Number of protein chains: 2
Amino acid sequence: MSGFTPVPHSAAQTRIVTAALDLFAEHGVSGTSLQMIADAIGVTKAAVYHQFNTKEEIVVATIETELVRLEDALAAAEADEDHARAQEILLTRVIDLAVERRRLVGTLLNDPVIVRLLEERAPFQQFMRRLFRVLIGGDARPESRVRAAMIGAAIGGAVTSPVVADLEPATLHAQLISLTKRFLEISD
Amino acid sequence: MSGFTPVPHSAAQTRIVTAALDLFAEHGVSGTSLQMIADAIGVTKAAVYHQFNTKEEIVVATIETELVRLEDALAAAEADEDHARAQEILLTRVIDLAVERRRLVGTLLNDPVIVRLLEERAPFQQFMRRLFRVLIGGDARPESRVRAAMIGAAIGGAVTSPVVADLEPATLHAQLISLTKRFLEISD
DNA sequence: GTCTATATGAAGATAGAC
DNA sequence: GTCTATCTTCATATAGAC
């Protein structure tokens, strides 16, 4: 029920996670070495290993710090009995975050290492299931599920697209909200 | 005008490219070593290096073999004066391919190494520009561009989504076609 | 076209001093 | 919390024989 509870981080850990996120977004997880992370914050690899025992732990911490940004909106959506309103609460927050953290979204949704961790670790699994439940509702028809998959992918993928790379965040945000709403309305 | 002309490959090269594509889809480009590729086809690393001088050349060859699948549809779309019909020709083919090569799509659209090559290499650049031109048409308004980005991302991302992982290819395909058409119609 | 063998560097990770 | 130094493994890549 409580789902996903991330661990708090020290200041040193936060610096590592922030630098790692940035590098993961640019080079992918496998393309980012601990040396690159250490260099980015101006310490040695050994200092990084003092904070996290393995590279995987750093990846897990970065996933946690991003997923936690959705937690409040997800809880609020789940508390609403009206499914359409729940969906809107969640999607609005998802769009906010996707635009705000534009550079990261592709990595979080697609990087093979992150995808594997999201599938393997029980807390992440549960969190993702909660997200999908609100997106799909009780409706298991292929049409609803493909539509949910398309909306999720459209929001996540659109913010990274070169086609909109030069748009202001505010413009991009407004258009995403408007188009997502209209897409939800069709076939309802 | 001619745009993108891929190099033909020998049988040995084709075996390498096929195995590489499969591994890239699972582990990403950076997560795939030449040893893994060599093992997958049952030869040594040296044999692979006899066919391609660098790992990057293998990646380029894999991108080429996938992009070329869109070439005919793109040419046909460009030849049609009716923009809506051109868009439909291209999107239908894109959906066909996305469903058919489901496992690969995420990697081709998102892997940092592949994205970098698509941006850096002139032939790829030109090919992508042609694709986007058909998708967006002459229309440069933010709304059209965000819509185009969403459609591209929705198709590319939806096929990989866990939400639809258990759907038959035919079902997925039919729903994607139907929903994409309706999404195109809104706000036209 | 494939092999064995090898060069060279960088990866993840640890020990122990300050 | 950070350092220097080190270990081991694996990466890309090459030389030269069959």
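Note that these values count all heavy atoms, side chains included, but never hydrogens, waters or copies made by symmetry. By convention in this document, chain letters (A, B, ...) are assigned in the order of the sequence lines, proteins followed by strands, and residues within each chain are numbered from 1. Only a predicted model underlies this, so the values are computations on that prediction, with no experimental measurement involved.
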- request: Keeping to residues at least two apart or across chains, list the side-chain hydrogen bond (donor to acceptor under 3.5 Å, both in side chains) pairs with something in residues 95-109 of chain B.
  value: D22(B)-R103(B), E66(B)-R101(B), D96(B)-H173(B)
With sequence neighbours left out, which residue pairs that include part of [range] fulfil the salt bridge (Lys or Arg N to Asp or Glu O under 4.0 Å) condition?
{"range": "residues 159-181 of chain B", "result": "R145(A)-D166(B), E88(B)-K181(B)"}
{"range": "residues 26-43 of chain B", "result": "none"}
{"range": "residues 119-129 of chain A", "result": "E56(A)-R121(A), R116(A)-E120(A)"}

Give me the distances for all protein-to-nucleotides 3-7 of chain C N/O pairs that come in under 3.5 Å?
residue	atom	partner	partner atom	Å
dC3(C)	OP2	T44(B)	N	2.5
dC3(C)	OP2	T44(B)	OG1	2.9

statement: Applying side chain to side chain donor-acceptor pair (under 3.5 Å) to T180(A) and not counting sequence neighbours gives none
message: So, using side chain to side chain donor-acceptor pair (under 3.5 Å) as the criterion, who are the partners of T14(B) when residues are at least two apart?
response: none
field: With sequence neighbours excluded, residues passing ring-ring contact (aromatic ring centres under 6.0 Å, His included) with F124(B)
entry: F4(B)
message: So, taking the atom named NZ in K45(B) and the one named CG in L34(B), what distance separates them when rounded to the nearest 0.5 Å?
response: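 Interatomic distance, K45(B) NZ to L34(B) CG, rounded to 0.5 Å: 7.5 Å.
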Can you check whether [Y]'s main-chain N or O pairs, donor with acceptor, with [X]'s side chain at less than 3.5 Å?
{"X": "R93(A)", "Y": "R69(A)", "result": "yes"}
{"X": "Q13(A)", "Y": "Q51(A)", "result": "yes"}
{"X": "T32(B)", "Y": "G28(B)", "result": "yes"}
{"X": "Q87(A)", "Y": "L135(A)", "result": "yes"}

query: Can you check the F52(B) CZ to dG1(C) C1' distance for me, whole Å?
result: 14 Å
- line: Whole-Å distance, Y49(A) OH to dT14(C) C1', equals 9 Å
- request: Anything below 3.5 Å on both distances counts as a pair; with that, list the stems of at least three consecutive Watson-Crick or G-U pairs involving DNA chain C.
  value: C:1-18 with D:1-18
- line: Sorted by number, residues from residues 25-41 of chain A placing a heavy atom under 4.0 Å from DNA chain D are none
query: When you measure from every atom of DNA chain C, which of residues 53-64 of chain A have a heavy atom less than 4.0 Å away?
result: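 Residues of residues 53-64 of chain A that come under 4.0 Å of DNA chain C are, in numerical order, N53(A), T54(A), K55(A).
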Results of side chain to side chain contact (heavy atoms under 4.5 Å, CB included) for V29(A) - residues two or more places apart only: F24(A), K55(A), V59(A), D111(A), V113(A), I114(A)
